Q: 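Here it is, the structure, as C-alpha cells.
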Amino acid sequence: MSSSIRKRKSPADETTAAKRKVQSTTTKAGVANFFKPSSQKEPEKTTWRLVDKTLLVGKYLNKPTTGEGGEGTPVQSNKIAGFDLDSTIITTKSGNKFAKSDDDWQWWHSSVPSKLQELHDKGYHLILFTNQAGIPDPTKDSTRLTTFKSKVATIFTSLDIPGITAYAATSNDRYRKPRPGMWEECLSDLNLDAEGLDLGGSYLVGDAAGREGDFSDTDRKWALNIGLGFITPEEFFLGQAPRAMSHKFDPSKYTIATETTATKNSVVFTKSTAKKEVVLFVGSPGAGKSTFYWRHLEPLGYERINQDILKTKPKCFATARDLLSAGRSVVIDNTNADRATRAAWIALAKEHKAPIRCLYFTSSEELCMHNAAVRAFGGDIVNREKRNMLPGIAFKGFKGRFEEPAEGEGFLELTKVEFIWEGEEEERKIWERFWT
C-alpha cells in the first residue's frame, strides 16, 4: 500500500465534522481545578469530545491546553498500534470485573508503560479502542461518565505520551466493536485514508480473542473486519505463544455452501392454485422473513402485512381482511411466535375461505442477531426499509413466547425454511463481516 499521508481536511470538511461533534465535560480533576484561583489553575492535558452523541474521544497533549486543538508533538506516521483498555492495558486493583472507582486500576503488567513508550518512540499512533456500555448516556453528567473520564485522564498522565487517544463506544451502534465506526473515526481524525495507512504495519492488541475462557471474541473479530493484525496481551507483553481461537458465530459458513447443500436446504415457493390464500411466517426477528418475502413472494403478487410498518396488531388484521375481501393473497410477515397468535390468523383465513400455509424460519439466535445488525449498520444496500438495530429483549422475548408450529393447528401445509444467504457480491462482502 502507499505510504503517503492524506492531505488535511478542507475548511468545509472541518465545518461539517464540527457540526456533529459536541464538546463534553472535563474530568473530576478538572472540576476540582475549577474552584482554584486563576493563578493556581492547571489547564487540562486530556481533552474530550463527543461524536454522534455516543462515541467519547479523549486525547492527551504533551502540554496543557485550555481547549481542543493543542498541537502536542505530532506523530508523523502512517502506522497505528491499537489497544483494548480493560484486561489489556489495565486491570482492577480490587479484583472485581468492573472498577469500583476511578482509582480502582493498575497496569495489566508492569511492562505496559515501557512497551507503549517504545511504540511511541518508533512513531506509532497509540490508540485505545474500548466498548463502554456501562456509561448510560454520555450527553448527560453521571457518576460512571465522570469516573471513566477521570480514570482515562489519570492513565494518560501516568504514561505521559503525547497524542495518545482513547475512543470509547457507549452504545449499541455502529461505533461498538466489532463494527468499524471507531476505526473510521480514528482514520478521519488522523487524516489517514485507506491508501495513506500502513495497514500491514498496524495492529490491535486485545483480550477478547475467542480463546477458551475468554468472555468473547469481539477484539479479534474487529481486527478481522478492518484487516488489522491481531495480538493478545499475553503474546504482546509477556511473549507467550498464541493459543487456539475460535468464533462462536462465523457468518462466512453461510456463504460458502456448495451447490448441493444450497439445493438441499432451499425452499422453492410456488403460488397456490387457490384464488386467494394466506401465507403465515413464523420466526425470530432477524430470521430472514422479510428478505424471503421480497425475493420469493412479492414477485408473485402477494401483499405483505407487517406490524413494524402498520404499527398495531388490529391494523394488521384490518388490512389483511380488506385485502382478502378484495380477492388478494397475503403474507403475514410477523414473528407469530405462539399458538394463540397463529390461531387468530387461521380463523381469519377460514372466515374468508382462504387456505393458509405456514413457513417456519429456523434460524439460530446468533444468526438472527447478526442479520439484524447487518441490516441496521450495513448501509442502504442491505437495509431497504431503514430499520434500526433491535434491542436484545426482542430476541429474548421471542424465545420466551415461542411455541413451535405444527400442521395440526390448521395449516394446509407447514414448511421449514433454513437460512441460505442470497445476494450480490457487494452485499456478500457486507454480510460476511462480523457485526455482533
Side-chain angles (χ1 to χ4, degrees), residues 20-34 44-60 68 82-106 108 126-159 164-186 188-189 204 206-208 215-216 218-219 221-222 369 373 376-377 388-393 435-436:
R20 64 186 180 88
K21 295 178 181 179
V22 181
Q23 196 71 23
S24 187
T25 56
T26 57
T27 64
K28 184 189 294 182
V31 175
N33 192 46
F34 176 82
E44 287 288 309
K45 288 187 176 182
T46 299
T47 61
W48 292 94
R49 58 187 172 87
L50 190 59
V51 179
D52 293 335
K53 299 182 179 180
T54 66
L55 179 65
L56 274 172
V57 184
K59 183 174 183 179
Y60 181 80
E68 193 176 1
F83 293 84
D84 185 37
L85 178 61
D86 299 305
S87 300
T88 298
I89 294 295
I90 61 170
T91 187
T92 61
K93 286 182 188 175
S94 62
N96 293 343
K97 183 177 181 180
F98 302 107
K100 298 190 299 183
S101 61
D102 57 357
D103 61 353
D104 183 16
W105 70 272
Q106 60 187 1
W108 183 84
L126 293 180
I127 312 292
L128 307 185
F129 298 99
T130 177
N131 288 344
Q132 294 291 329
I135 299 173
D137 181 354
T139 66
K140 301 176 182 177
D141 289 331
S142 67
T143 300
R144 287 184 177 180
L145 177 63
T146 302
T147 296
F148 175 76
K149 285 184 170 183
S150 180
K151 179 170 67 175
V152 170
T154 304
I155 291 167
F156 282 178
T157 301
S158 299
L159 291 169
I164 187 170
T165 304
Y167 291 82
T170 66
S171 184
N172 186 19
D173 58 12
R174 71 185 189 90
Y175 293 111
R176 183 173 178 79
K177 290 184 291 186
R179 299 158 201 155
M182 276 198 288
W183 178 253
E184 292 165 355
E185 185 69 21
C186 174
S188 175
D189 291 342
L204 174 74
D207 66 303
F215 72 96
S216 79
T218 303
D219 290 329
K221 289 191 293 190
W222 190 74
M369 293 178 71
F377 306 118
N388 296 322
M389 181 59 187
L390 293 167
I393 190 64
W435 295 91
T436 56

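Please read these numbers as outputs of a predicted model, since none were measured by experiment.
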Q: Within the side chain of T91, is there an N or O that forms a donor-acceptor pair under 3.5 Å with the backbone of S87?
A: no

Q: Do D219 and L204 pass the side-chain contact (heavy atoms from CB on, under 4.5 Å) test, and can you show the C-alpha distance, the side-chain angles, and the key distance before you say yes or no?
A: CA-CA 8 Å; D219 290 329; L204 174 74; 4.1 Å; yes

Q: Checking T46 side chain against Y60 main chain: does a donor-acceptor pair fall under 3.5 Å?
A: no

Q: Establish, from distance only, whether the side-chain atoms of D52 and T54 form a donor-acceptor pair under 3.5 Å.
A: no

Q: Any donor and acceptor pair, going by atom type alone, linking the side chain of W222 with main-chain N or O of R179 inside 3.5 Å?
A: yes

Q: Take atom CZ of F98 as the centre, draw a 6.0 Å sphere, and report whether it contains more than 12 heavy atoms from other residues, nucleotides or ligands.
A: no

Q: Any idea how W435 and F377 line up, ring-wise: parallel (<30°), tilted (30 to 60°), or perpendicular (>60°)?
A: parallel

Q: For T88, is there any backbone N or O sitting under 3.5 Å from a side-chain donor or acceptor partner on D207?
A: no

Q: Examine distances only and state if a side-chain atom of S188 and a backbone atom of E184 form a donor-acceptor pair shorter than 3.5 Å.
A: no

Q: Could you tell me whether a side-chain N or O of R174 sits under 3.5 Å from a main-chain N or O of G181, the two making a donor and an acceptor?
A: no

Q: Counting N and O atoms only, with roles assigned by atom type, does the side chain of S150 sit under 3.5 Å from a partner on the main chain of T146, one being a donor and the other an acceptor?
A: no

Q: Evaluate the side-chain contact (heavy atoms from CB on, under 4.5 Å) criterion for residues W105 and L85: first the C-alpha distance (whole Å), next the side-chain angles of each, then the deciding distance (0.1 Å), finally the verdict.
A: CA-CA 11 Å; W105 70 272; L85 178 61; over 6 Å; no

Q: Could you tell me whether the side chain of D104 and the main chain of A99 form a donor-acceptor pair under 3.5 Å?
A: no

Q: Is the W183 ring parallel, tilted or perpendicular to the F129 ring (thresholds 30°, 60°)?
A: tilted

Q: May I have the step-by-step check of side-chain contact (heavy atoms from CB on, under 4.5 Å) for K100 and T92, ending in yes or no?
A: CA-CA 8 Å; K100 298 190 299 183; T92 61; over 6 Å; no

Q: Go through the steps to decide whether R49 and D189 satisfy the test salt bridge (charged side-chain N to carboxylate O under 4.0 Å, His left out), and finish with yes or no.
A: CA-CA 12 Å; R49 58 187 172 87; D189 291 342; 2.3 Å; yes

Q: Who passes side-chain hydrogen bond (donor to acceptor under 3.5 Å, both in side chains) against D84, sequence neighbours left out?
A: K177

